[in-house]
Amino acid sequence: MKVMSASSDDSVQAAGDPDRADSSRLIVTIDGPAGTGKSSVARMVATRLSLTVLDTGAMYRAAALLTIRLSIDPKDGAEIAAAIGVHHIEMDFDVEPANVLLDGRDLGDEIRGSEVESIVSVVAAHPEVRTRLVAVQREIASLHSRLVTEGRDQGSVVFPDADARFFLTASSGVRAKRRVDQLRAMGRDVDPDAVLHGIEARDRIDTGRADGPLIQPDGAVEIETDSLTLDEVVDRIVEIVEATRDSGGGS
Ligand code: DC
């Protein structure tokens, strides 16, 4: 099942009330800065609770890659948004975990490369770009009503009515070390200082932007992950989601 960015103008309407009638509906949001383990945690939570996973960072990374491929100025939000309307950014849920596709093609590791990393926060800060991708995210939720979605604004802006919302944190030193380990596992040659500076620079842009900034959503459960293993974070989230579901309430 694929949901494309080009249909995003119409799709805002699609993510409405019908889902509310679905008693199995379960939307879990996990936000936080880079390196807090959101992607791994989201995948493990998805397995435990039989949810679909949505990695919204991959969508912004695809938009950044599109910007590079079309030689658009990363500061030109209107042109990037127009390009997203023409070149489809979509999620392929036929594979596990879902992949982001650009014009039907899997982008592989290219969206994790340093070129994308150096501009993605600038691209993601444009309200025109966010409007398009948020619409796609809501449409995805209308089609996959059992969803764990991770990013920066999922609990604050995109799904403020989610059943459970989490905000993961960790010190920048720990986050940089995790990222270095991840890149080395991918066979990359990395400079730990450059990784730390990159993380801090992206944090500043993600936190400082006007539209959908990285913030702890009101009412979200904060989990400080510095001294927790992935399994411990996942256990905590699953326990809270199950308790919320059993009590019949949302966050
Ligand atoms: O989670 P990540 O590192 O793959 O995110 C890549 C970039 O996209 C990061 O700079 C923050 C941005 N992003 C965003 O602005 N909103 C989201 N919902 C997800 C990611």
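Indexing begins at 1, ligand by ligand and atom by atom, following the structure's order.
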Could you check [atom] against the protein and tell me its nearest heavy-atom contact, residue, atom and distance included?
atom: atom 8 (O) of ligand 1; answer: Tyr60 CB, 3.5 Å
atom: atom 20 (C) of ligand 1; answer: Gly57 CA, 3.5 Å
atom: atom 16 (N) of ligand 1; answer: Arg130 NH2, 3.0 Å
atom: atom 18 (N) of ligand 1; answer: Asp153 OD1, 2.8 Å
atom: atom 7 (C) of ligand 1; answer: Val120 CG2, 3.6 Å
atom: atom 1 (O) of ligand 1; answer: Arg152 NH1, 2.9 Å
atom: atom 11 (C) of ligand 1; answer: Asp206 OD2, 3.3 Å

I need the minimum non-hydrogen distance between [X] and [Y], along with the two atoms involved.
X: Val241; Y: Ala164; result: CG2-CB, 3.9 Å
X: Ser121; Y: Asp206; result: OG-OD1, 3.2 Å
X: Arg202; Y: Ala34; result: NH2-CB, 3.7 Å

Taking 4.0 angstrom as the limit and counting only heavy atoms of [X], give me the atoms of ligand 1 inside it, by number and element.
X: Arg61; value: 2 (P), 3 (O), 4 (O), 6 (C)
X: Gln154; value: 18 (N)
X: Arg202; value: 3 (O), 6 (C), 9 (C), 10 (O)
X: Thr56; value: 17 (C), 18 (N), 19 (C)
X: Ser121; value: 10 (O)
X: Ala124; value: 12 (C), 15 (O)

Give a yes/no verdict on whether any heavy atom in Glu150 is under 4.0 Å from an atom of ligand 1.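 No, Glu150 has no heavy atoms under 4.0 Å from ligand 1.
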Answer yes or no for Glu117: is there a heavy-atom contact with ligand 1 below 4.0 Å?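 Glu117 does not count as a contact of ligand 1 under the 4.0 Å cut-off.
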Arg138 side chain vs Val158 backbone, donor-acceptor pair below 3.5 Å: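 Yes, the answer is positive, given that a donor and an acceptor are paired below the 3.5 Å cut-off.
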Rounded distance [0.5 Å steps], OG1 in Thr207 versus CZ in Arg152: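 Those atoms lie 9.0 Å apart.
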Look up atom CG in Asp106 and atom CG in Asp92, then write down how far apart they are to the nearest 0.5 Å.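 Output value for this atom pair is 8.0 Å.
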What do the steps show when you test Arg69 against Glu110 for salt bridge (Lys or Arg N to Asp or Glu O under 4.0 Å), and what is the final call? CA-CA 11 Å; Arg69 287 189 178 168; Glu110 215 181 334; 3.0 Å; yes
Partner set under salt bridge (charged side-chain N to carboxylate O under 4.0 Å, His left out) for Asp235, not counting sequence neighbours: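 If we apply the salt bridge (charged side-chain N to carboxylate O under 4.0 Å, His left out) test to Asp235, skipping adjacent residues, the hits are Arg48.
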Are the side chains of Lys177 and Asp181 in touch, meaning some heavy atoms are under 4.5 Å apart?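 They are in side-chain contact.
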Sequence neighbours left out, what pairs pass side chain to side chain donor-acceptor pair (under 3.5 Å) with at least one residue falling in residues 185-195?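 Listed by first then second residue: nothing to list.
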With heavy atoms under 4.0 Å as the rule, classify the contact between Arg179 and ligand 1 as side chain, backbone, both or neither.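 Neither part.
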